[in-house]
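Below: the structure, in structure tokens.
A quick note: this is a predicted structure, and the numbers were derived from the prediction, not measured. Values reported hereafter were calculated over all heavy atoms of this structure, with side chains retained and with hydrogens, waters and symmetry mates removed. Nothing fancy with the numbering, it's 1 onward along the sequence.
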Amino acid sequence: MTDTDVIVIGAGLSGLVTATRLTARGRRVIVLDSEPAASLGGQAFWSFGGLLLVDSPEQRRLGVNDSAELAFSDWLGSANFTDGAERGQGPDAQGYAWAQRYVEFASGPMRSWLHGEGVRWFPLVQWAERGGYPAGGHGNTVPRFHVTWGTGPGVLAPFLRAARAARDAGLLQIRFRHRVTGLVTTDGTVTGVRAEVLEPSTVGRGEPSSRTVSGEVELTADAVVVASGGIGANHDLVRAAWPASAGRLPDQMLSGVPDATDGWMLASAEDAGAAVVHSDRMWHYPEGLPMHTPVWGRHGIRILPGPSSLWLDADGGRLPAPLFPGFDALGALRHITGRGDSHSWFVLNKTIMETEFALSGSDQNPDLTGKDVRLLAQRVLPGAVGPVLAFAERSPEFVWAANPAELAAGMNALTGSMRIDAGALTRLIELRDAQVRSGLGKDPQLMAINHARTYVVDKRMRVSPPRPLTTPKDGPLLAVRLSVLTRKTLGGLHTDTETRVLRPDGQVLPGLYAVGEAAGFGGGGVHGERALEGTFLGGCLFSGRVAGGAI
């Protein structure tokens with residue numbers, strides 16, 4: 001007799017969705033997680049809570065015309081799946097099939113399912129990953145980024161409630177401080193796990209925890225689900241997997257995920273015969289800032305920028321169109337790493353910062369996370385929101401100056417180099433300001449700004465009116481040094497459309513399933529090469545839901 005019906009490895013969002021869907025069907029489930037109870041919910045707790053929804057009531061109220069067909073076209077333009085994927089052939093066949101099903105889910109039952117569980121959304125839909133390429137290329141044609149009321153904790157809430165109910169019913173155990181070290185196989189079928197029992201830890205959520213082993217255990221089950229996340233905190237592994245065609249990631253990077261997100265379980269699954277695919281596909285960000293009060297190692301936060309800042313490389317040259325802030329995160333990162341740079345710059349002024357800067361993460365958005373309407377109202381009032389203001393005041397990465405020459409000097413002082421030429425920076429700002437003063441302009445970034453302001457949400461609270469950077473009342477000038485921030489793994493364990501893990505020969509590895517980031521959010525890579533944003537939490541929800549019904 002087995003110890004339980006199903007073992008789920010990982011107590012993050014995808015693991016909790018899988019476990020609670022299974023217990024709702026009367027299955028007995030044990031969830032194993034290496035972290036203490038304080039970290040229940042994993043990375044999802046720290047997230048901004050953004051979900052890509054298609055043709056939602058929130059979109060329609062804002063006059064946004066969306067459809068599943070348009071969303072899938074955008075998805076394909078971003079994914080750049082290999083030839084034959086649409087015919088079920090080649091390395092992206094499963095990813096393509098998952099993408100089709102995900103868009104159907106996001107335009108159909110996703111919202112009603114979550115709404116029925118008590119989830120609600122901020123009514124002003126955001127326009128993430130605008131792309132800026134011709135039709136058929138990367139980017140969202142329309143705004144689709146729905147911020148959950150309550151951010152990441154708000155997404156987790158219904159599944160935590162369900163987990164508590166399942167525990168009280170005797171169907172669910174969550175065993176913290178259990179680090180799975182290997183899968184047990186019997187006659188080619190995965191039948192259980194081996195795990196180290198780590199010493200108790202009282203550290204807070206996300207804080208690094210001890211890896212001292214106090215014991216070992218072996219558990220058996222009819223099915224094992226890998227929900228252990230990606231590799232974002234393992235910088236050596238990230239650098240090793242980064243494609244050579246995109247240059248080299250810098251020696252010093254920031255982590256957008258806690259230390260336990262180390263890819264450990266992916267290697268263990270490979271050892272048991274599972275196929276890991278598309279390891280070189282990743283979703284990291286070039287707009288990272290060191291956290292002023294870090295929780296985990298190399299803790300970084302991402303700036304969620306509006307489109308008005310000048311984006312400069314380490315030598316002060318503009319990134320090429322359409323690599324404007326908020327348009328193509330991976331394209332900008334590849335441009336930076338292709339140059340061999342360790343950082344880049346936003347150049348703007350105080351008014352643009354106050355209007356356009358937001359920060360990713362539940363902890364950096366207390367109004368949305370705490371469902372505080374009075375605090376939320378500050379977003380449409382003059383001045384920066386509190387967390388942005390804290391960075392502006394406390395972070396050494398923010399360089400303030402009265403004029404371009406002084407700004408260049410401050411940028412060089414921060415990096416200990418002379419890479420920013422004062423005359424060139426002055427000329428660049430003058431040229432940009434002349435385009436704005438023309439009232440029309442040929443600069444593609446200025447045209448993108450004007451286009452963004454045709455959308456009511458951007459005009460009201462997200463995109464600053466175009467004015468010269470040197471307008472006195474908008475000053476002082478500001479340069480922000482940006483670092484590479486690791487975040488998501490787009491590849492992972494190769495799975496079919498029922499979340500069953502596949503062997504390298506394409507056959508099913510019996511008894512093993514995978515969900516969430518560990519499975520590339522579905523199929524070993526539902527996003528292909530690029531993501532549309534709002535699809536990481538969504539991928540955890542969808543793949544967990546599928547697994548909970550398929551096992």
Practice item. Please say which of Val257, Val295, Thr151 ends up in a side-chain contact (heavy atoms from CB on, under 4.5 Å) with Trp46. Key: Val295

Point to revise | Interatomic distance, Leu114 atom CG to Arg120 atom CZ [nearest 0.5 angstrom] | key: 10.0 Å

Exercise for review: For residues Gly232 and Ser255, report the shortest heavy-atom separation together with the two atoms involved.
Suggested key: O-OG, 4.1 Å

Exercise for review: Give the minimum heavy-atom separation between Thr495 and Gly523, together with the two atoms involved.
Suggested key: OG1-N, 2.8 Å

Exercise for review: Output the distance between atom CE (Met282) and atom CG (Leu333), rounded to the nearest 0.5 Å.
Suggested key: 9.5 Å

Check your understanding: Does a salt bridge link Arg179 with Asp262, judged by any charged N lying under 4.0 Å from a carboxylate O?
Key -> yes

Point to revise | Closest non-hydrogen atom pair between Phe48 and Ser360, with its separation | key: CB-OG, 4.3 Å

Point to revise | Asp83 CG: over 12 foreign heavy atoms closer than 6.0 Å | key: no

Practice item. Please work out which of the three classes, parallel, tilted or perpendicular, describes the rings of Trp98 and Phe542, given edges at 30° and 60°. Key: perpendicular

Review point. Any idea how Phe105 and Trp113 line up, ring-wise: parallel (<30°), tilted (30 to 60°), or perpendicular (>60°)?
Key: tilted

Review point. Does any N or O in the side chain of Asp280 come within less than 3.5 Å of the main-chain N or O of Pro243, such that one atom is a donor and the other an acceptor?
Key: no

Review point. Is Asp92 paired with Arg281 through a side-chain N to carboxylate O contact shorter than 4.0 Å?
Key: yes

Practice item. Establish, from distance only, whether the side-chain atoms of Asp55 and Ser67 form a donor-acceptor pair under 3.5 Å. Key: no

Check your understanding: Judged by atom type as modelled, is there a donor-acceptor pair below 3.5 Å linking the side chain of Thr369 to the main-chain atoms of Pro366?
Key -> no

Revision key, fill the gap. d(Leu490 CG, Phe521 CZ) to nearest 0.5 Å is 7.0 Å

Point to revise | Thr18 side chain to Ser14 backbone, donor-acceptor under 3.5 Å | key: yes

Revision key, fill the gap. Sorted by chain and number, sequence neighbours left out, ring-ring contact (aromatic ring centres under 6.0 Å, His included) with Phe145 holds for none

Point to revise | Nearest heavy atoms of Thr535 and Ala531, plus distance in Å | key: OG1-CB, 4.1 Å

Exercise for review: Look up atom CZ in Arg500 and atom CG in Leu502, then write down how far apart they are to the nearest 0.5 Å.
Suggested key: 8.0 Å

Review point. Does Thr148 use its side chain to pair, donor to acceptor, with the backbone of Gly49 at less than 3.5 Å?
Key: yes

Practice item. Compute whether any side-chain donor of one residue and acceptor of the other, for His146 and Arg111, lie under 3.5 angstrom apart. Key: no

Review point. Just one of His138, Glu129, Arg530 clears the side chain to side chain donor-acceptor pair (under 3.5 Å) bar with Ser78, so which one?
Key: His138

Exercise for review: Kindly compute the distance separating CG (Leu160) from CG (Leu13), expressed to the nearest 0.5 Å.
Suggested key: 9.0 Å

Point to revise | Check: Thr220 main-chain N/O paired with Thr2 side-chain donor or acceptor under 3.5 Å | key: no

Practice item. List in chain and number order the residues that pass ring-ring contact (aromatic ring centres under 6.0 Å, His included) with His284, two or more places apart in sequence or in another chain; answer none if no residue qualifies. Key: none

Check your understanding: Can you find a heavy atom in the side chain of His235 that is under 4.5 Å from one in the side chain of Arg298?
Key -> yes

Review point. So which heavy atom on Val226 is nearest to which on Met265, and how close?
Key: CG1-CG, 3.7 Å

Revision key, fill the gap. OG1 of Thr4 to CZ of Arg28, rounded to nearest 0.5 Å, is 5.0 Å

**Study point:** Check: Glu397 main-chain N/O paired with Ser395 side-chain donor or acceptor under 3.5 Å
**Key:** yes

Practice item. Evaluate the side-chain proximity of Leu368 to Trp149: yes if any heavy-atom separation is below 4.5 Å, no if none is. Key: yes

Point to revise | Taking every non-hydrogen atom, the tightest pair across Val203 and Pro208 | key: CG1-O, 3.7 Å

Check your understanding: Do the side chain of Gln59 and the main chain of Pro143 share a donor and acceptor less than 3.5 angstrom apart?
Key -> yes

Review point. Under 3.5 Å, is there a donor-acceptor pair between the side chain of Arg27 and the main chain of Arg25?
Key: yes

Practice item. Give me the ring orientation class for Trp296 and His299: parallel if the planes are under 30° apart, tilted from 30 to 60°, perpendicular past 60°. Key: parallel

Point to revise | Whether His278 side chain and Pro91 backbone form a donor-acceptor pair below 3.5 Å | key: yes

**Study point:** Cation-pi geometry met for Arg239 and Trp242 (6.0 Å, 45°)
**Key:** no

Check your understanding: Is the closest side-chain donor-acceptor distance between Ser209 and Glu35 under 3.5 Å?
Key -> yes

**Study point:** Side-chain donor-acceptor pair present, Glu199, Ser214, cut-off under 3.5 Å
**Key:** no

Review point. Has Glu218 got more than 12 heavy atoms of other residues, nucleotides or ligands less than 6.0 Å from its CD?
Key: yes

Check your understanding: With distance as the sole test, does Asn140 use its side chain to make a donor-acceptor pair with the main-chain N or O of Leu532 at under 3.5 Å?
Key -> yes

